[in-house]
Amino acid sequence: GDDDVVSMRNDYDQRRRLIVDELNKMGLTCFDPQGAFYVFPKCSSFFGKTAPNGKVIADAADLAMYLLEEGHVACVGGGAFGSPDCIRMSYATSDENLINAFTRIKNALAVLK
């Protein structure tokens with residue numbers, strides 16, 4: 001009923017705050033999303049950096065592919081959504097999955113030079 005909807009909304013609000021805070025700590029500039037369960041953190045500060053395999057991160061699509069290959073975290077370059085400096089990430093998952101993803105993202109970003 002209505003209580004379930006309120007509970008679910010509270011869970012998503014908490015999750016949204018968690019993901020925005022964590023992404024900002026990693027240098028992925030992230031603002032509160034206006035709706036749904038996606039965030040668009042700005043990732044251009046990582047453009048021009050080099051991955052351990054020698055590949056240069058030229059744009060958001062490269063960073064999304066790198067995070068998939070290196071961190072096993074799926075996200076999408078924001079160009080298709082009118083945000084070429086951003087990646088698009090969903091937080092429609094459990095807190096446990098998000099915390100694991102943050103660790104993998106942080107480790108993947110840390111080895112970019």
Side-chain angles (χ1 to χ4, degrees):
D2 288 347
D3 288 345
D4 292 341
V5 172
V6 169
S7 174
M8 196 165 73
R9 187 173 295 138
N10 288 339
D11 289 348
Y12 274 108
D13 281 347
Q14 187 176 343
R15 209 164 278 146
R16 175 182 46 78
R17 283 193 298 274
L18 175 71
I19 195 168
V20 168
D21 289 347
E22 288 297 320
L23 292 172
N24 279 315
K25 285 181 201 169
M26 289 181 229
L28 293 163
T29 308
C30 192
F31 300 102
D32 269 354
Q34 297 305 305
F37 32 81
Y38 296 100
V39 288
F40 284 89
K42 186 172 181 181
C43 59
S44 52
S45 62
F46 294 94
F47 298 174
K49 295 200 175 202
T50 305
N53 66 3
K55 187 171 184 338
V56 175
I57 307 296
D59 55 25
D62 283 353
L63 186 63
M65 184 57 70
Y66 170 73
L67 289 174
L68 180 62
E69 292 171 349
E70 181 73 22
H72 308 289
V73 175
C75 54
V76 181
F81 308 97
S83 302
D85 286 350
C86 300
I87 50 177
R88 179 182 188 242
M89 308 175 96
S90 168
Y91 57 94
T93 186
S94 70
D95 290 357
E96 184 182 1
N97 285 343
L98 286 175
I99 290 163
N100 288 335
F102 294 144
T103 300
R104 293 195 305 266
I105 293 167
K106 194 180 301 182
N107 291 340
L109 293 177
V111 296
L112 291 173
K113 302 287 180 223

Determine whether [X] and [Y] make a side-chain contact, defined as any pair of heavy atoms from C-beta on separated by less than 4.5 Å.
| X | Y | answer |
| --- | --- | --- |
| Glu22 | Lys106 | yes |
| Ile19 | Arg15 | no |
| Cys75 | Tyr38 | no |

Roughly how far, to the nearest 0.5 Å, is the [atom2] atom of [Y] from the [atom1] atom of [X]?
| X | Y | atom1 | atom2 | result |
| --- | --- | --- | --- | --- |
| Gln14 | Asp95 | CD | CG | 6.0 Å |
| Phe46 | Leu109 | CZ | CG | 4.5 Å |
| Lys55 | Glu69 | NZ | CD | 8.0 Å |
| Cys43 | Asp59 | SG | CG | 8.5 Å |
| Met26 | Asp21 | CE | CG | 10.5 Å |
| Leu23 | Ile87 | CG | CD1 | 7.5 Å |

Given the rule that I, L, V, M, F, W and Y join up when any side-chain heavy atoms are under 4.5 Å apart, are [X] and [Y] in one cluster?
| X | Y | answer |
| --- | --- | --- |
| Leu112 | Phe47 | yes |
| Phe37 | Val20 | yes |
| Val73 | Met65 | no |
| Leu68 | Leu28 | no |

Cation-pi between Arg88 and Phe81: NZ/CZ under 6.0 Å from ring centre and within 45° of the ring axis?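 Yes, a cation-pi geometry.
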
I'd like to know if the side chain of Arg16 reaches the main chain of Tyr91, judged simply by a donor and an acceptor atom lying under 3.5 Å from each other, with no hydrogens or angles considered. no

Quick check: closest heavy atoms across [X] and [Y], and the distance to 0.1 Å?
| X | Y | result |
| --- | --- | --- |
| Ala60 | Cys86 | CB-O, 3.1 Å |
| Ala108 | Leu67 | CB-CD2, 3.9 Å |
| Ala92 | Ser90 | N-OG, 3.1 Å |

